[in-house]
Amino acid sequence: MYFRDEPNVYEEMKQRMALILFALAPLAGFCQQSFSVKLHFPFQPASRHVSIFYDNGKFGHSVPVEEDSTVTISDSLFGRYAGIQVYCADPDRKGNDFYNSFWVEEKPAEITFVADDAQKDPLQHVVLKNAWATNDMGRRELDSFQRVEASAFRDFLLAHPGPLTDSAIDTAKILGKRLFDKTLLFIREHPDKYYSIYLFRSELTQNSLIDADSLLQFYNSVFPDSLKHSFDGREALAKINVRLNTGSGHKASEYLVRDIHGKEVSSAANRGKYVLLDFWASWCVPCVESMPTIKKLRERYGEDRLVIISVSLDDKRKAFDEALKKHGMTWTQVYGPNDIRKGFSFNGIPEVILIDPHGYIVYDRQEKGKEDPDLTRLVAMLNEKLR
């Protein structure tokens, strides 16, 4: 299984073994505002390998970085803050990034990075307008609190730049668990900080290192009602509930989206048929390895009996389009933030879910104790149900 994270404290795991954080839960309210922010750089971001991400409360997005030294982001805003994360490659330490993060609200904001030859880190000298550095809102305290665990985790990964062996993965999981537990302890010791509920909602609710029941108990026992009733509090609870109610035997979440050709795809229209949901990405090797099996299922069973919907988690459309062509993926494809992603909870990709004609989940590739890495169980189940 491959993991890939949204920008967070586990950045060192990116593209190899991150703890994936997807905004998958249904909204706990309606969008009532929007935000816009301009990021000014003293250099061309593309030349310095800058990556920019933002979280509007509903989804995490990557932002294309062009040659222009100003990057503008405008989108809907769900909740109190939109989070902006900026990464810049460190040329002296491959695999390690400079990093800074910010919050913005509905007022037009500007984040201006100022050139400073005395500082090696190009993202730390900054001038803000209607924006706040998350370091000042709680991130600096968190980093100090978990410095030992974060350093051990980062140093281990930097010492293992290639593909991780099974034993190395086990070690990484142990170190990651220590870091995760320290994060929970920080939140427990700072339950009234808005940063704590924001951190919990955006980085921890989908983390596979803790089960949904334990997350719910933590949520109920730690946070005051004022934060539980905030957008981030309600959204965190919604994400936990999705995890509690996702899996074999549960009613599948409803969805209504459009595929890459603009055609409407909905759970209502697919009722009465088996529906196979395939969550994948072009950069995920096990996902790509599963494509021949899914392709054979498409050829074996007609659309009137089995609907196959592949939902991409790619953040680069070009890579997605190239993968479709290369692997002959001619069935229904969904790309970008969508209603299907937010309604299902899973620990990483590849993930495959089979929904029966009545709308109930009857197969989950990642189901505990029944993991199906080569889809053998899925193929046998469909042979039995669709023979």
Side-chain angles (χ1 to χ4, degrees), residues 4-19 21 37-55 60-73 81-104 109-129 131-161 172 175-176 179 182-183 195 198-199 202-203 283 315-316:
R4 190 174 184 175
D5 66 336
E6 297 293 343
N8 53 49
V9 71
Y10 304 106
E11 171 60 17
E12 293 83 3
M13 295 287 275
K14 187 167 67 174
Q15 298 190 19
R16 293 193 289 130
M17 189 191 162
L19 300 171
L21 298 171
V37 57
K38 290 183 178 180
L39 296 93
H40 304 282
F41 295 89
F43 51 81
Q44 291 182 337
S47 67
R48 294 292 300 270
H49 303 289
V50 170
S51 299
I52 303 172
F53 303 84
Y54 72 90
D55 167 23
H61 302 260
S62 63
V63 179
V65 176
E66 308 294 345
E67 294 301 322
D68 195 347
S69 59
T70 296
V71 177
T72 301
I73 304 171
Y81 302 106
I84 312 295
Q85 297 90 36
V86 185
Y87 298 83
C88 180
D90 180 349
D92 296 328
R93 298 184 67 187
K94 188 175 181 180
N96 195 38
D97 290 341
F98 297 117
Y99 168 77
N100 209 339
S101 62
F102 310 89
W103 279 350
V104 299
E110 293 190 40
I111 300 171
T112 303
F113 297 97
V114 180
D116 186 348
D117 294 337
Q119 292 186 3
K120 178 183 177 183
D121 188 336
L123 301 182
Q124 292 308 308
H125 193 180
V126 61
V127 177
L128 303 176
K129 177 183 178 181
W132 297 266
T134 56
N135 276 338
D136 298 329
M137 308 299 281
R139 171 67 72 174
R140 183 180 292 109
E141 290 177 75
L142 172 66
D143 290 345
S144 177
F145 188 78
Q146 60 182 19
R147 178 169 286 113
V148 173
E149 293 78 12
S151 294
F153 195 27
R154 180 179 58 251
D155 291 346
F156 173 81
L157 292 170
L158 290 174
H160 296 77
L175 295 174
L179 180 57
K182 200 65 181 288
T183 305
Y195 180 76
Y198 180 90
L199 176 68
S202 63
E203 297 189 12
W283 44 261
D315 54 13
K316 293 181 174 59

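Excluded from the calculations below are hydrogen atoms, water molecules and symmetry mates; all remaining heavy atoms, backbone and side chain alike, are included.
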Open item on the list: I need the Lys316 NZ to Ser62 OG distance, nearest 0.5 Å.
Closed with: 6.0 Å
Open item on the list: Ignoring hydrogens, what is the shortest heavy-atom contact between Ser69 and Pro45? Give both atom names and the distance.
Closed with: CA-CD, 3.9 Å
- [ ] Give a yes or no answer on whether the side chain of Ser47 reaches the backbone of Phe43 with a donor-acceptor pair at less than 3.5 Å.
- [x] no
Open item on the list: Checking Ala131 now: which residues fulfil side-chain contact (heavy atoms from CB on, under 4.5 Å) with it, not counting sequence neighbours?
Closed with: Val104, Ala109, Ile111, Leu128
Open item on the list: Using 0.5 Å steps for rounding, measure from the CD atom of Glu203 to the CG atom of Leu142.
Closed with: 8.0 Å
Task: Closest contact, heavy atoms only, Asn100 versus Leu123 - done: ND2-O, 2.9 Å
Open item on the list: Can you give me the closest heavy-atom contact between Ala172 and Phe153, atom names plus distance?
Closed with: O-CE1, 3.6 Å
Task: Pairwise distance OH(Tyr99) to CZ(Arg139) - rounded to 0.5 angstrom - done: 4.5 Å
- [ ] Please list, chain by chain and in numerical order, all residues satisfying side-chain contact (heavy atoms from CB on, under 4.5 Å) with Glu66, sequence neighbours excluded.
- [x] Pro64
Open item on the list: Could you tell me if the side chain of Val63 sits less than 4.5 Å from the side chain of Val71, heavy atoms only?
Closed with: yes
Task: Heavy-atom closest pair, residues Pro122 and Arg48 - done: CG-NH2, 3.6 Å
Task: Spacing of OG belonging to Ser51 relative to OH belonging to Tyr87, to within rounding of 0.5 Å - done: 9.0 Å
Open item on the list: Return the OG to CG distance between Ser151 and Asp143, rounded to the nearest 0.5 Å.
Closed with: 10.0 Å
Task: Nearest heavy atoms of Tyr195 and Met137, plus distance in Å - done: CB-O, 3.1 Å
Open item on the list: Please verify the inter-ring angle class for Tyr81 with Trp103; under 30° counts as parallel, over 60° as perpendicular, anything in between as tilted.
Closed with: parallel
Open item on the list: Can you confirm whether Ile84 sits close enough to Phe53 that some side-chain heavy atom of one is under 4.5 Å from a side-chain heavy atom of the other?
Closed with: no
Open item on the list: Is the shortest side-chain heavy-atom distance between Thr183 and Gln146 below 4.5 Å?
Closed with: yes
Task: Polar side-chain atom of Lys182 near backbone of Phe145 as donor-acceptor pair, under 3.5 Å - done: yes
Open item on the list: Between Phe113 and Val127, is there a side-chain heavy-atom distance shorter than 4.5 Å?
Closed with: no
Task: Partners passing side-chain contact (heavy atoms from CB on, under 4.5 Å) against Ala89 (at least two apart in sequence or in another chain) - done: His49, Asp97
Task: Whether Thr70 side chain and His40 backbone form a donor-acceptor pair below 3.5 Å - done: no
Open item on the list: Would you say that Asp90 contacts Lys120 through its side chain, given a criterion of any heavy-atom pair below 4.5 Å between the two side chains?
Closed with: yes
Task: ring-ring contact (aromatic ring centres under 6.0 Å, His included) against Phe156, all qualifying residues, sequence neighbours excluded - done: His160
TODO: Just jot down the side chain to side chain donor-acceptor pair (under 3.5 Å) partners of Asp136, sequence neighbours excluded, or say none.
DONE: Arg140
- [ ] Taking side-chain contact (heavy atoms from CB on, under 4.5 Å) as the test, write out the residues that go with Lys129, two or more places apart.
- [x] Glu110
TODO: For the pair Glu141 and Arg147, find out whether any cationic side-chain nitrogen is under 4.0 Å from an anionic carboxylate oxygen.
DONE: no
- [ ] State, with a plain yes or no, whether a side-chain heavy atom of Leu175 is found less than 4.5 Å away from one of Arg154.
- [x] no
TODO: Would you indicate whether the side-chain heavy atoms of Phe41 and Val86 approach each other to under 4.5 Å?
DONE: yes
Open item on the list: Any non-hydrogen side-chain atom of Val37 less than 4.5 Å from a side-chain atom of Phe102?
Closed with: no
